[in-house]
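Read the structure below first, then the notes.
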Amino acid sequence: MAEKVVIVGSLNMDLVACAARIPVVGETITGHTYFDEPGGKGANQAYAVARLGGRAAMLGCVGSDDFGRRMRENLRQVGCEVNELKTIPDSTSGIALIFVADDGHNSIIIVPGANARLSPEDVEAAEGFLRGAALVLLQLENPLPTVVAAARVGRRVGARVILDPAPAPPQPLPDELLALVDILTPNETEAAILAGLKPSRLDAQQAGEIAAKLRARGARTVIVKLGDQGCLLVEDGRAQAFAAPKVQAVDTTAAGDVFNGGLAVALAEGADLAHACRFANACAALSVTRRGTQIATPTRAEVEVFAAEASGH
Ligand code: RIB
């Protein structure tokens, strides 16, 4: 049986408008599709772990509203343990306003709501819940001191700590946090920002140089997610690139979350990092062929068929 993955993170209700393109500042355009669905980077990763066949358990906060109830129920139904999801009586749930263009790209505004109320004390008090986890999966949609506390507790209980530094932080991440991280999984924009550079698309060489800098600041292993180029794994003096299967993307929202979920599932099953990167690439590639966030997450069986087809077997 796979070992437990604890996700400490955010839950947002995603309100999604799809249009030919994303409007520029001051512009109003007419879209063609609207839907809402449970999202949030933490919940998306928890959902992905469970849907891909892992043992997921989530620590986070929702508001006392219909969105909160719906998000809790959605995770429960996929098989994620939700006993440590707190309902904050005087707060709304987190929401995300998402614009998706027909070329698959998106832009997002988040209003954190209850996600801002997950405190370092909550995480410390949940040490028993984290104990026994093989992995603790973190993102940056909760307050930074809470993320640092979660990494510290994860370390203390002997779990591997994975940090997806998303969304890209407005200020540099403290070295104290990077030193608590076993695997850092930025996308190319986040990697550039963490290294103090302008956000941009990176080639494998640039990604490798940035990953080396982040490792020098404390992160043991860095996996740079390179979108349709796959990912670059950088550990102890060596870098290995893994190409992504070629697909027609319709919506890239949450592809990074599905990648992290797939990575965690593979590692919790005892796979090595190279195998986990290949599996995570396949999960993320399949997710971008569908609209939405959690509803776009493939099942384990779908990923296995897809990966076999992509490798020509
Ligand atoms: O990574 C995608 C997620 O970012 C969305 O589900 C949205 O809620 C934002 O948190």
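Atoms within a ligand are numbered from 1 in the order they appear, just like the ligands themselves. Predicted, not measured: the structure shown is a model, and the values here were computed from it.
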Donor + acceptor pair across side chains of Thr293, Glu37 (<3.5 Å): yes
Residue pair Ser93, Leu11: steps toward the side-chain contact (heavy atoms from CB on, under 4.5 Å) verdict: CA-CA 8 Å; Ser93 292; Leu11 303 95; over 6 Å; no
Element-labelled atoms of ligand 1 that are located less than 4.0 Å from some non-hydrogen atom of Ala96: 7 (C), 8 (O)
Lys/Arg N to Asp/Glu carboxylate O, Arg117 vs Asp122, below 4.0 Å: no
Identity and distance of the protein heavy atom lying nearest atom 3 (C) of ligand 1: Asn44 ND2, 3.6 Å
Shortest protein heavy-atom distance from atom 4 (O) of ligand 1, along with the residue and atom involved: Lys41 NZ, 3.2 Å
Interfacing atoms of ligand 1 (cut-off 4.0 Å, heavy-atom, Asn12): 8 (O), 9 (C), 10 (O)
Flag for Thr33-Arg291: side-chain donor and acceptor within less than 3.5 Å: no
Under 3.5 Å: donor-acceptor pair, side chain of Glu127, backbone of Glu124: no
Atoms of ligand 1, numbered as shown, that sit under 4.0 Å from any heavy atom of Asp257: 1 (O), 2 (C), 3 (C)
Check: Ile108 and Asp14 side chains under 4.5 Å, non-hydrogen atoms: no
Closest protein heavy atom (residue, atom, distance) for atom 9 (C) of ligand 1: Glu141 OE2, 3.5 Å
Atom 7 (C) of ligand 1: the protein heavy-atom neighbour that sits closest, reported with distance to 0.1 Å: Asp14 OD1, 3.2 Å
Pairing of Arg76 and Glu73 as salt bridge, 4.0 angstrom limit: yes
Gly40 heavy atom under 4.0 Å from ligand 1: yes
Which of the ligand 1 atoms, numbered from 1, are nearer than 4.0 Å to a heavy atom of Thr293: 6 (O)
